[in-house]
Structures are given as structure tokens and as C-alpha cells.
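Beneath this line is the structure, given in C-alpha cells, with notes to follow.
When reading the values below, keep in mind they use all heavy atoms of this one structure, side chains included, and skip hydrogens, waters and symmetry mates.
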Amino acid sequence: PHLRQDVVGKSVEGRPLLLLTITNPDIAEGGKKVIWLMARQHAWESGTSWVAEGAVRFLLSNAPAAAAIRDRFLWKVFPLPDPDGVFRGGVRFNANGYDLNRNFPAPDGSQYSGQPLQTETQLMMNLGLAERFNLVANFHGGAEVVNYPWDHQSALHVDDAWYQSISRAYATSAQNNSPAGYLDDLNNGITNGADWYITTGNRQDWTNYAAGGREVTIEISSTKNPAASTLPDFWNYNRDALLGFLEQGL
């Protein structure tokens, strides 16, 4: 397996934005379905980085299960869309004070609260339109639930039954590989976004509507900044659930 690291842009304060690509150099990249893993869109949700890193380490390993799933996709991992927020001590907002998960154009084309489109958001949009992601797992923290579209409206997504199915499979697997009480918020670990609370300008809805992709938001920790000693647990809890979810990309 091959890991390629590209600088695809810079943050507001000029820090590099890194995109990791995992592929098999013996198999042509063209025509492969594209899987996208995102973490730490909010810089203070540090536990999400550990899950993304765990996925990268697993995909690069020699485990038979890793090879079986790795070679069927082109993997893209965006581990830190807001490096400025990390260097500011781990905050929710970018250097200009905007929440990058409220900064995308809504399906009607409007900007949330009329905000200016941020450098980091524009980069994510450019990548989404260029790559046409087949499936996206966007990791967040602050709850323990798989959040599926839509977030901006109560009307259901046309593929609502499918989203419920893959979200339920994820939650059940995570629950089966963790202590009792993990990932069981709201509807026992899943929720339609608008049923939880309506938001505008988030990445999930933009990907599903404008970029023609399929994205869910996976909230992996009720604590936004978990203790370092607990971080390995989150990969262990989520590994099988994530691998099963990603296979849905086929």
C-alpha cells in the first residue's frame, strides 16, 4: 500500500492543509470509488483525530481484512481542516471566528447568516466537486450518535431508509464492541439531523446535495476533548463499525 501526503491549500493563517491518499500502486486509481474520511472540522473535538489515524494505520497494515477493503477503493483522509483552531488552543472556530460546519452554502444557495465563505470551506468544496466522493464519514464529538441527512429541513431525504439502515448497522456494531451505554444517544445511536436540531450551512448537507456524494456525521464521544488515556478506546469501539460502513461505498 502507498500513502501519499499532499498539501492541497493553506488555512487563513497560512498553515498547510494536508490530504492523505491511500492506494495500491499496483492497481490503477482511475475508476475506483472514492471514500473520504474527515476529522476535526471543529478543532476542539480531538478524539476524532484518533479514529481517523486508526483507520489510516489499519489500511496500511498487512492484515488480510485491510487489504480486502483497501484495494477496492481510493481512500482520501482529511485529518485536520482547521489547524489554526488547534494552534489557538483547540477551539470550535477558524482564525476568522467562523464555524466551518456552518459555513457551506445551503441547498438553496444561501450562506448561513450571510457569512463570507472561508478559505478552508472553499477548499473542501473544491475537493468535493473534483472527487465526487462515493461515501464520507465525517467524525465529530460532543455526542455519541450517527447523524444522517437532512440537517437543514425536516423533509426526509429520498434515500432515508438506506441512511437509517447504514446508520443503524454502524451504531449496533459500535455498541457490540464497547461498554454498555456507548453510542446510544437519541434513537439508540442514530438520528435524522433535523429531528435532533435544524442547522444550516453544514458540510453533510452540502456534500449530499451539491457534490452528489453521501455523507453522514458520526459523533464518537460525548466529551469534545477526551483524556489522552481514553483515545485508543475510541478506535477499538468504532473499528468494526467503520469498516462495515465503508464497505457500503460499493
Side-chain angles (χ1 to χ4, degrees), residues 2-23 28-43 45 48-49 52-53 55-56 59 73-88 92-140 147 149-152 157 193 199-218 246 249:
H2 177 66
L3 174 65
R4 186 173 74 240
Q5 177 176 286
D6 298 308
V7 176
V8 292
K10 292 187 177 181
S11 66
V12 169
E13 294 183 332
R15 293 185 174 90
L17 297 170
L18 303 178
L19 178 66
L20 308 180
T21 300
I22 300 170
T23 188
E29 292 185 8
K32 281 188 176 182
K33 296 183 182 299
V34 180
I35 298 292
W36 180 262
L37 301 179
M38 281 239 350
R40 220 162 177 179
Q41 194 174 355
H42 294 140
E45 295 167 8
T48 63
S49 294
E53 180 181 338
V56 170
L59 290 167
F73 300 100
L74 182 61
W75 299 87
K76 302 283 185 176
V77 183
F78 203 22
L80 185 57
D82 185 18
D84 297 346
V86 173
F87 279 87
R88 288 170 178 262
R92 183 180 179 91
F93 308 105
N94 78 340
N96 286 335
Y98 292 102
D99 183 337
L100 296 179
N101 206 32
R102 301 291 185 273
N103 190 240
F104 285 80
D108 65 3
S110 64
Q111 270 308 102
Y112 177 67
S113 299
Q115 333 182 320
L117 196 65
Q118 296 300 291
T119 298
E120 299 90 348
T121 306
Q122 185 65 67
L123 173 69
M124 286 187 273
M125 291 171 61
N126 292 346
L127 290 169
L129 292 171
E131 297 285 356
R132 294 290 176 177
F133 311 126
N134 204 54
L135 193 63
V136 184
N138 189 349
F139 293 107
H140 281 256
N147 175 62
W150 299 107
D151 285 332
H152 73 283
H157 193 286
T199 63
T200 303
N202 62 65
R203 179 193 151 89
Q204 171 176 283
D205 280 12
W206 180 86
T207 296
N208 280 277
Y209 187 87
R214 296 176 183 270
E215 178 168 335
V216 301
T217 303
I218 303 173
L246 296 174

Task: Asp205 (side chain) donor-acceptor with Asp151 (main chain) under 3.5 angstrom - done: yes
Open item on the list: For a 4.5 angstrom cut-off between non-hydrogen side-chain atoms, does Val56 reach Leu37?
Closed with: no
TODO: Flag the pair Phe78 / Leu17 as yes when at least one side-chain heavy-atom distance between them is below 4.5 Å, and no otherwise.
DONE: yes
Task: Close side-chain approach of His140 and Asn147, heavy atoms under 4.5 Å - done: no
Task: Under 3.5 Å donor-acceptor, Arg132 side chain and Ala211 backbone - done: yes
Open item on the list: Among residues at least two apart in sequence or on other chains, which ones pass salt bridge (charged side-chain N to carboxylate O under 4.0 Å, His left out) with Arg88?
Closed with: Glu13
- [ ] Kindly indicate whether the side chain of Leu18, heavy atoms from C-beta on, has any atom under 4.5 Å from the side chain of Leu80.
- [x] no
Task: Rounded distance [0.5 Å steps], CG in Asn96 versus CG in Asp84 - done: 8.5 Å
Task: side chain to side chain donor-acceptor pair (under 3.5 Å) partners for Glu215, two or more places apart - done: Asn138, Arg203, Thr207
TODO: Could you tell me whether a side-chain N or O of Asp108 sits under 3.5 Å from a main-chain N or O of Ser110, the two making a donor and an acceptor?
DONE: yes
Open item on the list: Strictly by ring pair (Phe, Tyr, Trp, His ring centres under 6.0 Å), give each pair with a member in residues 98-134 just once, sequence neighbours left out.
Closed with: Trp36-Phe133, Phe104-Trp206
Task: Point-to-point distance, once rounded to the nearest 0.5 Å, from NE2 of His42 to CG of Asn101 - done: 4.5 Å
Task: Note, Arg92 side chain near Arg102 side chain (heavy atom, < 4.5 Å) - done: yes
Task: Heavy-atom check, side chain of Pro81 versus side chain of Leu123, under 4.5 Å - done: no
Open item on the list: So does Pro116 get a backbone contact from the side chain of Asn103, meaning a donor-acceptor N/O pair under 3.5 Å?
Closed with: yes
TODO: Please lay out, stage by stage, how Thr199 and His152 fare under the test side chain to side chain contact (heavy atoms under 4.5 Å, CB included).
DONE: CA-CA 5 Å; Thr199 63; His152 73 283; over 6 Å; no
Open item on the list: Testing the 3.5 Å rule here: is there a donor-acceptor pair between the side chains of Asn126 and Gln122?
Closed with: yes
Open item on the list: Surrounding NZ of Lys32 (heavy atoms of other residues, nucleotides or ligands, distance under 6.0 Å), is the total greater than 12?
Closed with: yes
